[in-house]
2 protein chains.
Amino acid sequence: MSSNKHTHPKVHMNPHVVRAEYAVRGLIPARADEIKKEIAEGKGAHPFTSLVYCNIGNPQSLGQKPLTFNRQVMALFDAPFLLEDEALVARFPADAVARAKEYLSHIGTATGAYTASFGYDFAREAVAAHINERDHHVQPEATLDAICLTDGASSGVKVFMQLLIGGTGDGVMLPIPQYPLYTAQLALLGGTLAPYYLREKDGWAMQADDLAAAYEQCELEHGATPRLLVCINPGNPTGGVLDRKVMEDVVRFCYDYNVLLLADEVYQENIYAADRKFVSFREVVLSMPAPYSTGTMLVSLHSTSKGIIGECGRRGGYFCMTNLPSPMREQVTKMCSINLCANVSGQIMTALMSTPPQKGDASYESYWAEYNGIFSSLKERAALLARELNTIRGMSCQLVQGAMYAFPQITLPARYAEYNEAQNKKEGRKLALDARWSLELLEATGIVVVPGSGFGQEPNTLHFRTTILPPTAQMERMVAAIRDFQEKVYKDYA
Amino acid sequence: MSSNKHTHPKVHMNPHVVRAEYAVRGLIPARADEIKKEIAEGKGAHPFTSLVYCNIGNPQSLGQKPLTFNRQVMALFDAPFLLEDEALVARFPADAVARAKEYLSHIGTATGAYTASFGYDFAREAVAAHINERDHHVQPEATLDAICLTDGASSGVKVFMQLLIGGTGDGVMLPIPQYPLYTAQLALLGGTLAPYYLREKDGWAMQADDLAAAYEQCELEHGATPRLLVCINPGNPTGGVLDRKVMEDVVRFCYDYNVLLLADEVYQENIYAADRKFVSFREVVLSMPAPYSTGTMLVSLHSTSKGIIGECGRRGGYFCMTNLPSPMREQVTKMCSINLCANVSGQIMTALMSTPPQKGDASYESYWAEYNGIFSSLKERAALLARELNTIRGMSCQLVQGAMYAFPQITLPARYAEYNEAQNKKEGRKLALDARWSLELLEATGIVVVPGSGFGQEPNTLHFRTTILPPTAQMERMVAAIRDFQEKVYKDYA
C-alpha cells in the first residue's frame, strides 16, 4: 500500500465550520466551567464560592421546577405497564392517568419506536388545536399537515436555513442583535448575512425602511439575494415585544420581496409588560388582506424549552408552515425523513404544553397555581433586573417586556479601551471590549454573562446579555456585584 | 415599499437539498402509507388487510417490547417526586429505585435543564466504562473526555461529515451498498462520493485493494480528496460482520491515506453467526503497533435504537473519539455547543444501555430473561429469513451474520425489464428495475421493502433490503407471499 499519502499535513477541516461562532457557550462560559472546576478542586483563588450562570436561558438549572402534571403523564407514558398496577395508579391524579391512556391509545405500547417523520399525529393535532385557539380561529385554521414536531426550535431553524441557503449567493436577513444560533447556522451553510438593526430606543423594534435598505445592501454589496428573514418575537437577546403594526410592516416587506419569514416565537408565553400581549405572525399574516394573507411564506417556531414549562433538556418543539409552496413542502418532508423523527419525550412534552389540564380536571387548580407562580416570579424578576441595572453607572437597559433576557448597554471609560488593547497584545488575542469586560466581571464576581459582540450590536456600542432567571435573592446580590464591579472599572480607568 | 421584487418567480431552494435522497422513507414507504390510509378509510381494493413494514429497523413498531428495567428507571427519573411516595416506591424493584436515585444524585431534580454540550458527565462515564470492558481494557482506556452523547447515531454522523466536508473538493469513502443517511448527508454538504464496493460473495466484506483504488479514482476523476471513510459493522443493509484481519487492513488504509475512519457500530449487539463476534474498531486500532495505534483518526458511533434495547424513538446514542488532533476536537466541541445538547431521555437510555443490572440486583434475572428472549428470537428470524429467501426462484441471500437486515440479490426475467421501461414511459417516471419490483411487491402483498438502488449496488445487479423484525409467524407468511409474487413475475414475464 502506498504511503506517499502519509504526509499527514495540517489537519483538514471544513472552513465553514471553523468560521462558525456561538457565544452563548463560547469563551466566557468556557472560562466559567474552568473556574467551577478549580473551585471544586480547591484550586485557584477566587473571590466567590459559586458561579451564577446567566449566559443561557436554562430555567431548571437555576431552580425552576417542572410542572408536575406534565411529568406525571410522562412517567406513565414511559412505563405503560405501571397502568396495570392499580395500587400504583391510585397514587396519580385521575387526569394524569387519563391523559397517559389517551396518548397511549394512539400508539399502543410501542413508546420507543421511531414515529412518522413529522411526529405523532395526535401530538400534531394537539398543537394545531392550540394554535387555532391562540390565533382566535383566524381562517384558514391550522391542521396537523402544517405542523412538524422537532427537537427544540433549533432543529426547525436548521431545516429552513438549509432548505434556502445553498451558498454565498443566498442571504439571510437577521436582526442585530440576534440569537447566535442564526449566525452560526449561516456560517455553516456558507450563506451571506444581511443584517437589519433593531432600534434600541424604540424598545428594540425594527423599521420597515431598514429592512428594505438591508435587502438592497445585500444585493448591491454582496451580490446575494436574501431568501429568509428571521424575526425573534419576543426578542432574544433584547426582551422587546413587537407591536402589531410593526409586524404588519414586516409581513408586507416579506411578501413584496419574496422572502420567507421565519418567526422565532419561542418566548410567546413570556410577556411581562402590562401594555403588551403576544400576537403570532400567523395571526397577523392571515388577518391581512390578500395577497399578503395568501402569499406570504411563513414558518413559525415554538419550543418546550422556554415559556413557563422550561423543559430545555427534553428538546421538544415544532414548526408550523403557512403559505409554503408545495415544492418546498416536499423538500421539507424529505429533509425530515432524513432526520428520522424528533425524540418522543420531546413530542409528548409538546403535546402536553399544547393541552394543559382543563377546568374540572383533578390537576387543574394545582397546575395553574404552579404555572402562575412561575410566571409572576419571572415577571417580578424582569422588572427588578431592568430597574436596578438602570441605576448603575454607565449602564442603561430597556424594559424587559418579554422573553428571558436583559440586554443593557454599557459605556466604559476611554482608558478601559486602551487597557484592553494592551492586554490583548500581551495575551496574543483579540478580545472585543465587551468580551474583556464580561471576562473580568466573571473573574471578579462569578457572574456569567455573554458579551454583546456575540449577538451583534450597533457599531460603537457595547452591551451584554444576562438572563432574568436567577431567583430574586440571588438576583439582588448579582446586581450589587455588577454595580461594585462597574464602579471599580470607572474608578480604576477614569 | 417597492413591489418590483414581487415577481415571485420559481421557488428558490438549495440545490444540495433538492439532490439529496433517502430511500428508507422514500417512494415505496410513501406509497405504503397511502395504502394504509386507503385501507383505514375502506377505499381502494387491496388483496391484503394490513401492511408489513420491513423498510426500517424499528423493532418496537413490530411488537418488540422495551426492557422493563430501563423504563422503570426512566419513569422515576422523569418524575423524581414519585420517590417521595413510599407506597409508590414499594411497587418498583429496589435496583430501579437505586439507579434512579443514583442518576438524580448527579443532577438534582433539574431533569429538564439543558445539559453540558457533550451530555451528562455520569452518563459519559458509564459509556466509557462499558467501552473499556467491551474492548478488554485495551490501553489507553477511554475516559469521558472521548465521549459525546448524541440524539441517535445520526447526529454524530452529521457532526463529522460537516466537520470534514466543505464542498466538492472533499470526498467521502462509502461502502456500496450503504445506509442512505450517508449519501443524503453527502449531498446536503455538496461533497464527492468515493464509493468502494463490498464483495457480496465474501459475506459483504471489503478488500484493501478496492479501498486504495476508490481513493485514487476519487482524486483522478473528481479532483477530490477523500477525508472520511465510513465502515458499517455489522453491516447495514448487508448483514455482514467483518473479520478482524479485514478491519486491520481498513485501519492501515485509513492511517496511510490520512483519512478519518467513521465506524458505524450501532448493530454491535446484533451478532447471530456462531463463528462471528463483534470486535470494535477502537479495540483493533489500539491493539495494532504504532503508528497505527496512535495515528489513526477514529470516531466510533453507537445508538440506543438497535441492539436488543431497540429504543429508536428515544434518540439516544454517542460517539467516541480516538486519536483526534486537538484542533479537530476544538471544532467538535464548538459544533456540539451550537447543537445545545442531546435530549435527556436519550442520554438516560444511553447510560442504562451501558450499565445493565448486575448479578445480585433485584432485576438481574428478569432483565437478562427479557434480553436473551429478544436476542434468541432475532437470531432465529435472521436464520429463517436467509434460509427461506434462498429457496425462492431468482433470489439468493448471504447469511445474516448480524445487524437487522437481509439484502438478497434478485434476478428477474428479461421481459420484466422491458415491461418496466414501458411502464415508466406510460407513467412519465424513471423507476429503477428493483424499485418497480418493490412497488409491485407492495401492491400485491402489503410487504414494504426498500429497493437495492436506494443503497447502491454493483452495476447490473438487483437487490432489496428487508428487516428481520417481523415476528416469526408473520415472517413465514411474508416469505410465502414473496415466493408467490416472484413466481408470478417469472410466469408472467418468462
Side-chain angles (χ1 to χ4, degrees), chain A residues 1 3 5-6 8 11-18 22 25 58 60-61 66 71-72 74-75 78-79 82 85 87-88 91 110 112-115 117 151 154 162-166 184 212 227 252-253 256-258 310-315 325 327-328 331 334-335 337-338 340 343-346, chain B residues 1 3 5-6 8 11-18 22 25 58 60-61 66 71-72 74-75 78-79 82 85 87-88 91 110 112-115 117 151 154 162-166 184 212 227 252-253 256-258 310-315 325 327-328 331 334-335 337-338 340 343-346:
Chain A
M1 201 176 289
S3 70
K5 299 289 166 190
H6 187 236
H8 282 210
V11 177
H12 165 83
M13 291 185 291
N14 180 352
H16 296 141
V17 169
V18 176
Y22 188 63
R25 294 190 174 203
N58 193 8
Q60 292 189 30
S61 74
R71 295 305 194 91
Q72 287 165 331
M74 184 70 84
D78 278 342
L82 297 179
D85 181 338
L88 193 147
R91 318 296 296 182
Y114 290 124
T115 71
S117 307
D151 291 307
S154 301
Q162 188 158 47
L163 176 63
L164 294 175
I165 307 306
R227 306 295 185 181
R252 271 186 289 266
F253 170 83
D256 290 343
Y257 284 76
N258 195 27
E311 297 276 14
C312 304
R314 298 290 159 163
R315 312 307 301 120
M328 216 179 252
Q331 295 301 322
K334 184 180 70 185
M335 291 170 84
S337 81
I338 295 173
L340 297 168
N343 83 88
V344 296
S345 165
Chain B
M1 202 177 287
S3 71
K5 299 288 166 190
H6 186 236
H8 282 210
V11 176
H12 164 83
M13 291 184 291
N14 179 352
H16 297 141
V17 169
V18 176
Y22 189 64
R25 294 190 174 203
N58 194 8
Q60 293 190 29
S61 74
R71 295 306 194 90
Q72 286 165 330
M74 185 70 83
D78 280 340
L82 297 179
D85 180 339
L88 193 147
R91 319 295 296 181
Y114 291 124
T115 71
S117 306
D151 291 306
S154 302
Q162 188 158 46
L163 176 63
L164 293 175
I165 308 306
R227 305 295 185 183
R252 271 186 288 267
F253 170 83
D256 289 342
Y257 285 75
N258 195 26
E311 298 276 15
C312 305
R314 298 291 159 164
R315 313 309 300 119
M328 215 178 253
Q331 295 301 321
K334 184 180 68 184
M335 291 171 83
S337 81
I338 295 173
L340 296 169
N343 82 89
V344 296
S345 163

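Please read all numbers here as calculations on a predicted model, not as lab measurements. Reminder, nothing fancy here: chain letters follow the sequence lines and each chain counts from 1.
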Most contact-rich option vs chain B, by heavy-atom pairs under 4.5 angstrom, among A:D151, A:D85, A:T115, is A:D85
To the nearest 0.5 Å, atom NE2 of A:H16 lies from atom CD of B:Q162 at 10.0 Å
Residue from B:M74, B:K334, B:Q72 scoring the most non-hydrogen pairs under 4.5 Å with chain A is B:K334
One should read off an interatomic distance between B:L340 CG and A:S154 OG, to the nearest 0.5 angstrom, of 4.5 Å
When the 4.5 angstrom heavy-atom criterion is applied to A:S61 and chain B, the contacting part is both
Ranking A:P327, A:G310, A:G166 by heavy-atom pairs under 4.5 Å to chain B gives rank one to A:G166
d(B:R91 CZ, A:L88 CG) to nearest 0.5 Å is 6.5 Å
Test side-chain contact (heavy atoms from CB on, under 4.5 Å), reference A:V344, set B:R315, B:E311, B:R314, output is B:R314
Applying a strict 4.5 Å limit to non-hydrogen atoms, the region of A:L82 in contact with chain B is side chain
So, the part of A:M335 with a heavy atom under 4.5 Å from chain B: the answer is side chain
Is a donor on one side and an acceptor on the other found under 3.5 Å between the side chain of B:D78 and the backbone of A:R71?
no
Tightest non-hydrogen contact, residues A:Y22 and B:S337, listed as CE2-O, 3.3 Å
Scored by heavy-atom pairs under 4.5 Å with chain B, the best of A:A87, A:A75, A:G112 is A:G112
In terms of heavy-atom contacts, B:M13 and A:M328 come closest through SD-CA, 3.6 Å
Whatever's closer than 4.5 Å to a heavy atom in chain B on A:I165 counts as backbone
Point to revise | Under 3.5 Å: donor-acceptor pair, side chain of A:N58, backbone of B:A113 | key: no
Shortest non-hydrogen pair, A:A184 vs B:I338, comes out as CB-CD1, 3.7 Å
Whatever's closer than 4.5 Å to a heavy atom in chain B on A:P325 counts as side chain
